[in-house]
Amino acid sequence: MKVLKFGGTSVGSVKGILSVKKIVEAENEPVIVVVSALSGITDQLYKTAKLASDGDKSYLAEYEQMLARHEEVIDNVIPTGKKEEVLALVQSQFVDLSNIFRGIYLIKDISTKITDTIVSYGESISSIIVAHAINGAAHYDSKTFIKTENQFGKHIVDFEKTNALIHETFASAPSVCVCGGFISTDRDTSFITNLGRGGSDYTAAIIAAALHASILEIWSDVDGFMTADPRIINNAYVIEKLSFIEAMELCNFGAKVIYPPTIFPVFHQNIPVKIKNTFNPEAEGTYISREKTGEAGKAIKGISSINDTSLITVQGLGMVGVIGVNYRIFRMLAKNGISVFLVSQASSENTTSIGVRNADSALAVEVLRKEFAYEIAQGEINEIFSEDDLATVAIVGDNMKRTPGIAGKLFGTLGRNGINVIACAQGASETNISFVTDRKSLRKALNVIHDSFFLSEYQVMNIFVAGIGTVGGSLLTQIKKQQQKLMSQNGLKLNVVGITSSKKMLFSREGIDLENYSEDLKAKGVDATPEKICNEIINMNIFNSVFVDCTANSQISDLYQTLLQSNISVVAANKIAASSSYDNYVNLKETARRRGVKFLFETNVGAGLPIINTMNNLINSGDHIQKLEAVLSGTLNYIFNTLSAEIPLSKAILMAKEAGFSEPDPRIDLSGKDVIRKLVILTREAGYKVEQTDVTKNLFIPDKYFAGSLDDFWKSVPELDAEFEEKRKTLAAQGKRWRFVATMENGKCQVGLQDVDNLHPFYDLQGSNNIILITTERYNEFPMMIKGYGAGAGVTAAGVFSDIISIANIR
Ligand code: ADP
Ligand code: ASP
Ligand code: MG
């Protein structure tokens with residue numbers, strides 16, 4: 001014999017009931033079918049009762065709507081010959097219901113007893129409909145055999161009576177029996193009661209246990225028990241097998257698939273449970289049994305959460321070493337029917353924290369204050385308060401006890417994402433670690449835990465891109481091209497969740513479609529300011545996130561500190577921050593280190609060339625950088641390579657600008673400003689303290705040319721052509737070339753024009769290439785050399801991209 005339970009999600013629609021009919025009719029073993037009310041009806045019954053008792057006439061409209069919904073279902077699921085009969089049965093139930101509502105409306109008062117009666121109609125009616133929809137099924141009224149007793153105002157099942165009545169009721173039952181879940185009656189008064197919200201699962205488990213069923217099947221609208229609530233985690237997936245203990249832990253902490261008390265009766269009788277999908281019966285579902293998962297199984301099986309948590313802390317020096325404080329706390333709470341789902345006590349014994357539901361928190365504080373009034377007055381125990389609006393998260397798995405480091409990984413991951421753990425608890429059985437955090441961090445916490453513990457699927461990285469010009473635009477194109485491959489080969493999902501141009505910004509938690517982002521930005525984007533961008537990112541509070549700055553804007557680089565502080569990594573193509581004051585540079589790096597995130601800016605120097613990374617690797621492995629010699633301006637190199645008898649200086653500058661090598665204002669390159677910034681960044685990364693003003697400049701264009709407007713500059717710069725041509729000829733005759741060289745020696749920096757002969761490694765530097773020679777303790781006689789494209793959107797974007805990937809790899 002099997003017990004099948006179909007929830008509101010299954011019987012809530014015509015399609016669902018027809019599917020239930022098919023599933024049950026295909027059974028060849030005897031079955032008892034337990035059904036919930038149509039989805040939403042229990043809520044609507046509570047609501048209608050409330051409206052009526054408030055004297056609000058709109059209760060009638062709710063009532064009519066419920067009636068119409070049931071009539072429509074009957075019309076579509078009951079075979080033609082039986083329709084009239086079922087309609088009459090259901091309508092007569094509705095007549096009773098309408099009389100009760102009218103009574104409440106007139107009296108404008110309601111008791112729990114009446115509310116319990118009202119909500120029982122949901123299951124009474126649905127079970128009649130389903131019983132008649134299934135061929136050969138007989139209907140049974142659960143109110144006659146599920147008996148409860150009253151404890152602290154709660155209805156507790158009287159198993160002795162209930163089990164006896166179940167045996168009696170089903171002693172000679174037909175092969176398909178249908179009854180309502182959830183509903184019951186008081187063993188002493190026979191008043192209608194129920195087993196609590198979601199209680200139909202429990203009814204089914206009680207029947208299964210009483211009759212020693214071969215299996216209990218819980219049918220709803222998901223393919224099985226999933227690693228997390230699929231409404232919060234969209235890459236949650238179905239767990240094949242769970243032990244009773246794991247299932248119990250997960251439901252206790254809010255996994256809504258099964259009502260928590262359900263496991264208990266079947267666990268004792270060793271009756272396995274299957275979670276199945278009414279809308280996809282072929283799916284295997286989840287099998288819950290006594291079987292322990294093998295050693296090879298995952299350390300954690302699932303995550304669940306309760307979002308209405310209050311934490312009450314009883315604290316005080318007077319508690320240390322005093323026997324019986326905890327006894328008094330729990331006795332008082334139990335006496336008042338308050339259920340505690342998390343307890344945490346430090347070994348110093350001066351603090352006990354208790355997690356209860358928000359709804360219980362005021363009463364819990366009140367009774368504890370009363371209990372400890374004397375100790376509080378004496379100052380032995382501090383005033384007792386509750387912290388509300390918190391959430392509890394639990395990670396569950398039998399294999400946790402065999403796997404060291406789970407707690408470390410959990411709290412490390414949470415810390416890196418800026419999620420504050422307010423209290424935590426792990427039972428000695430090690431099947432569950434639970435912690436309490438702010439409710440607003442719940443979504444992020446669940447996502448980040450799922451992401452880091454269920455790597456079999458993929459890891460998500462959430463990216464914000466500021467600036468969609470040449471570099472930002474190329475980056476988005478590259479990400480789009482790589483997305484699929486990174487997901488299938490590296491298990492990494494790059495999710496671009498925000499894009500901002502200088503005017504508009506667009507955010508989407510689910511990810512922005514990179515095919516049409518620029519149209520979407522125009523159509524759906526909202527006005528952007530640096531402040532708004534920052535607020536939006538922080539409020540989104542999304543896990544594993546990286547801010548990528550592809551602008552050259554100082555207001556954007558001013559945001560880094562706040563972002564890093566909010567545990568958001570920063571990847572900058574923008575050079576302003578790393579070359580700003582030394583204090584700011586150090587602060588940013590420090591903040592990143594403290595928050596466990598990254599501040600990376602490899603592309604600040606030499607575009608995609610691995611210069612900063614290489615230097616970091618040398619230093620981290622114990623080397624010491626003594627000297628740097630480099631050509632770091634693609635623009636200047638291009639100009640010096642272009643100069644000839646036919647192309648004078650002014651023309652070469654213009655060509656560099658037109659080819660897109662120079663900054664829009666080429667004076668930034670010509671004045672050496674750009675090279676100075678880069679040299680400052682390298683020098684700092686090499687371990688020296690330096691400011692831009694410390695760099696000695698040996699410029700080739702006199703200062704006065706930089707004084708006026710850009711127009712003035714273009715007009716006056718040809719004055720330099722003749723003199724330059726003279727020098728160029730002399731140099732060419734000596735077999736030498738000009739290079740604009742940046743040098744650092746033991747922390748001293750200078751930039752300036754140098755002539756190099758054909759034996760010098762800088763002589764053959766083509767186009768806009770960059771080169772750097774790094775002299776270290778280890779690379780001494782022959783310095784290390786890195787050379788290649790030092791500018792261009794494609795290589796710069798690629799460098800930014802690899803910074804992003806390197807952040808993903810450290811997790
Ligand atoms: P029914 O009305 O059939 O009893 P419920 O709504 O009580 O169904 O339970 C099924 C729902 O539980 C699913 O639709 C899903 O949204 C939710 N749920 C929450 N946590 C989980 C989880 N870990 N695995 C599967 N479903 C979950
Ligand atoms: N209908 C009841 C409820 O909504 C019981 C159930 O669906 O399991 O709480
Ligand atoms: Mg349910």
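Atoms considered below: every heavy atom in the structure, side chains included; atoms not considered: hydrogens, waters and symmetry mates. These numbers were taken from a predicted model, which means no experiment stands behind them. All ligand and atom numbering here is 1-based and tracks the order in the structure.
The closest side-chain heavy-atom distance from F543 to T413 is not below 4.5 Å. A heavy-atom distance below 4.5 Å is found between the side chains of F94 and Y63. Counting heavy atoms from C-beta outward, E249 and K301 have side chains that stay 4.5 Å or more apart. Taking 4.5 Å as the limit, every side-chain heavy atom of D221 sits out of range of all side-chain heavy atoms of T278.
A side-chain donor from one of S310 and D388 sits under 3.5 Å from a side-chain acceptor of the other. For N495 and N462, the side-chain atoms include at least one donor-acceptor pair closer than 3.5 Å.
Ligand 1 places these atoms under 4.0 Å from at least one heavy atom of D221: 10 (C), 13 (C), 14 (O). Which parts of ligand 1 touch M226 is read off a 4.0 Å heavy-atom cut-off, strictly below it: atoms 22 (C), 23 (N), 24 (N), 25 (C). Below 4.0 Å from some heavy atom of S220 lie the following atoms of ligand 1, by number and element: 3 (O), 8 (O), 10 (C). Close approach of ligand 1 to K5 (heavy-atom distance below 4.0 Å) involves ligand atoms 4 (O).
Among protein heavy atoms, atom 5 (P) of ligand 1 sits closest to K256 NZ, 3.8 Å.
Considering both main-chain and side-chain atoms, T9 comes within under 3.5 Å of ligand 1 through a nitrogen or oxygen pair. Below 3.5 Å of separation, one finds an N or O of G8 facing an N or O of ligand 1. For the pair V222 and ligand 1, the shortest N or O to N or O distance does not fall below 3.5 Å. Where the criterion is an N or O separation shorter than 3.5 Å, residue side chain and backbone included, R231 meets it with respect to ligand 1.
Taking the six-membered ring where the residue is Trp, F101 and Y59 present tilted rings, their angle falling between 30° and 60°. The aromatic rings of Y140 and F170 sit tilted, their planes meeting at an angle between 30° and 60°.
With rounding to the nearest 0.5 Å, the separation of CD in Q91 from CD1 in I125 is 10.5 Å. Note that the CD1 atom of I183 and the OG1 atom of T117 stand 11.0 Å from one another [nearest 0.5 Å].
Heavy atoms of A236 stay at 4.0 angstrom or farther from ligand 1.
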Discussion item. Test side-chain contact (heavy atoms from CB on, under 4.5 Å) on E240 and T286; report intermediate values, then the result.
Written reply: CA-CA 5 Å; E240 226 176 285; T286 299; over 6 Å; no
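Of the heavy atoms in V257, both backbone and side-chain atoms come closer than 4.0 Å to ligand 1. Of all the heavy atoms of S304, none lies under 4.0 Å from any atom of ligand 1, so neither backbone nor side chain is involved.
Other residues, nucleotides and ligands place no more than 12 heavy atoms under 6.0 Å from the NZ atom of K50.
Heavy-atom proximity to atom 20 (N) of ligand 1, evaluated over V238, D229, I239, is greatest for D229. Residue P230 holds the heavy atom nearest to atom 27 (C) of ligand 1 of all those in P230, G7, G12, A228.
Geometrically, R197 does not engage Y259 in a cation-pi contact defined by less than 6.0 Å to the ring centre and at most 45° from the axis.
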List, pair by pair, the atoms of ligand 2 and of the protein that are both N or O and lie under 3.5 Å apart, giving the separation rounded to 0.1 Å.
from, atom 1, to, atom 2, distance (Å)
ligand 2, 1 (N), T42, OG1, 2.7
ligand 2, 1 (N), E123, OE2, 2.6
ligand 2, 4 (O), T42, OG1, 3.3
ligand 2, 4 (O), R197, NH2, 2.9
ligand 2, 7 (O), S36, OG, 3.3
ligand 2, 8 (O), G198, O, 3.3
ligand 2, 8 (O), S200, N, 3.1
ligand 2, 8 (O), S200, OG, 3.2
ligand 2, 9 (O), R197, NE, 2.7
ligand 2, 9 (O), R197, NH2, 3.4
ligand 2, 9 (O), G198, N, 2.6

